[in-house]
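Written below as structure tokens is the structure these notes are about.
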Amino acid sequence: MRVAGSPFCKVVTSHLPRMHHPSAFRLMSIAGGLKNSPIFRSLGLIGGKWIGAHDGNTLKVNNPSTGEIIANVPFMGGRETNDAISSAYDAFNSWSKITAAERSKYLRNWYDLIMSHKEELGQLITLEQGKPLKEALGEVSYGASFIEFFAEEAKRVYGDIIPATLADRRLFVLKQPVGVVGAITPWNFPLAMITRKVGPALACGCTVVVKPSELTPLTALAAAELALQAGIPPGVLNVVMGNAPDIGDALLASPQVRKITFTGSTAVGKKLMTGAAGTVKRLSLELGGNAPCIVFDDADLDVAVKGALAAKFRNSGQTCVCANRVIVQEGIYEKFAEAFSKAVQNLQVGDGFTEGVVQGPLINEAAVQKVESFIQDAVSKGAKVILGGKRHSLGMTFYEPTVVTDVRSEMLLAREEVFGPVAPLLRFKTEEEAIRIANDTNAGLAAYIFTNNVRRTWRVSEALDYGLVGVNEGIISTEVAPFGGVKQSGLGREGSKYGIDEYLELKYICLGDMTRK
Ligand code: NAP
């Protein structure tokens, strides 16, 4: 939310604090406690210094659960971004030249510090993003795992020796860091989407300018503070936030920035792809999904319900790998719908700091309106809401966990990411039809299948046009496996041994005249 008085003023009255909220005072004390924490930062980080916007403009960061303003952070733009690029460019000279073992040690220190501040980072995520604390703590461990993994991987960036085609030659392949990286990240994983990029970038010698979402900058700043405490030199990691298009344009325009890595919507990803052409930059894009979750007649019902529930309702349905279409075979459709609805009904909605809550608020009012319009569209075309389907009585941006049956492929619920706690159930007859429905989208990130037939597992996994496939499992992301999409879900992979290649250039070196004594 931008601050009143700035040219970007936007007053959203539904975000005013609800002081009658039963836990409002406890939440304010958590926020107060965090503000006194040594990792709490509310300025940008450029060249190792905490800095405000050059014109003093700020933007407000609020708690989506209560509307409480947690902090004001600088509303930066092109000027500050160019400063951050210069500092990253200078730091690249030395950071890329120290040994891999030294970089590995810095990253390991950073990992240890993140884990020793797990509780505070988790609270910060819940405070600014809204996800339940248990899930937020899970994100801290998941986010930290990328730093640990790439601290280890830093030492394994091997080159190659190629058998020469001429006797007097020796041919080598050297892997070198691409240079300064611009990393633009979304609000739904305020820590993990940053560490998944910064871990491998720093491991191989790149330096980075991070632009977190304006909705969740505090976790990014806290992580950057811990990077400084870990001894990572000034300028290696910079953080700017504020005017997203201006910051993006500055990163795109600079010839010093050699790579853009982006996680976010497909629409913004396409803009960045166009903009990167001007300076022919490397690009990694982790974009939107439209994950099918296919439940076959031969699936174990309990496993399918548990897996679909996890795949759909994590972070209140606000992840790129969330099951967006639950596609169920006709023989098990009614039974599944009933068992699944029962399980969804038990999901406790509320503030993320409340014990037992598994569904927090949606990120903002626009997100709720999007969900409402998708439901309206589906109902007007014949779908049936069998559970939920409206705003939660808690108010704010809380939405009831919802199950909709009789959804068909032409409805918005099946065509686009709903990014909310709504499970649309589609029906199919044959395996071929399930694959056709699943692949009938421009997205291609995650897909899930539930079946007890091993041959079908292989057949369907191979036929799905997706970068990730979960079989009888709804939560599949891990730092050791490659994460990324095909089609319009993106380019490149993050995590795993493959993830580091995104930050490396190959250099071929040919030594001639090698047989002369
Ligand atoms: P978004 O609107 O595209 O924003 C993502 C980031 O881009 C934010 O930091 C945003 O800044 C910035 N941005 C917006 N416009 C920009 C511009 N013109 N130039 C440069 N940067 C710009 O996406 P979101 O709503 O935050 O995130 C949800 C989307 O991310 C969903 O589609 C989801 O599927 C996708 N996602 C994908 C993955 C994956 O790994 N494939 C993972 C998580 C999320 P501000 O927020 O400051 O405006």
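Indexing begins at 1, ligand by ligand and atom by atom, following the structure's order. Just so it is clear, the model here is predicted, and its values are computed rather than measured.
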With a distance cut-off below 6.0 Å to the six-membered ring centre and an angular limit of 45° from the axis, does Lys131 pair with Phe189 as a cation-pi contact? yes
Could you give the distance from CG (Leu221) to CE (Met241), rounded to the nearest 0.5 Å? 5.0 Å
Please confirm whether Leu287 comes within less than 3.5 Å of ligand 1 when only nitrogen or oxygen atoms on both sides are compared. yes
Which part of Glu494 is near ligand 1, with near meaning a heavy atom under 4.0 Å away: side chain, backbone, both or neither? neither
So is there a nitrogen or oxygen of Asn188 less than 3.5 Å from a nitrogen or oxygen in ligand 1? no
Contact region, Met241 to ligand 1, non-hydrogen atoms below 4.0 Å, reads neither
Using a plain distance cutoff, I'd like to know if Glu214 has any nitrogen or oxygen under 3.5 Å from a nitrogen or oxygen of ligand 1. yes
The atoms of ligand 1 lying under 4.0 Å from a heavy atom of Lys211, numbered in the order shown, are 9 (O), 10 (C), 11 (O), 12 (C), 45 (P), 47 (O)
Has Pro212 got any heavy atom lying under 4.0 angstrom from an atom of ligand 1? yes
Is it true that Lys390 and Glu372 have a side-chain N and a carboxylate O under 4.0 angstrom from each other? no
Does Phe146 have any ring-ring contact (aromatic ring centres under 6.0 Å, His included) partners at least two apart in sequence or in another chain, and if so, which? Tyr142
Checking heavy-atom distances from atom 3 (O) of ligand 1 to each of Ala367, Ser265, Gly264, the winner is Ser265
Is there at least one pair of N or O atoms, one from Thr266 and one from ligand 1, spaced under 3.5 Å apart? no
Between Phe189, Phe262, Phe419, Phe75, flag the one that comes closest to atom 33 (C) of ligand 1 by a heavy atom. Phe419
Does ligand 1 have an atom under 4.0 Å from some heavy atom of Trp187? yes
Can an N or O of Thr263 be found at a distance shorter than 3.5 Å from an N or O of ligand 1? no
Purely on distance, is any nitrogen or oxygen of Thr185 under 3.5 Å from one on ligand 1? yes
Of all residues at least two apart in sequence or in a different chain, which pass the side-chain contact (heavy atoms from CB on, under 4.5 Å) check with Asp377? Lys381, Met411, Leu412
Measuring from non-hydrogen atoms of Glu416 to any atom of ligand 1, is the shortest distance under 4.0 Å? no
Taking all atoms of both residues into account, what is the closest heavy-atom pair of Pro64 and Ile363, and its distance? CB-O, 3.6 Å
With a 4.0 Å cut-off, would you call Arg493 and Glu502 a salt bridge? no
Do NZ/NE/NH1/NH2 and the carboxylate oxygens of Glu473 and Lys306 come within less than 4.0 Å? no
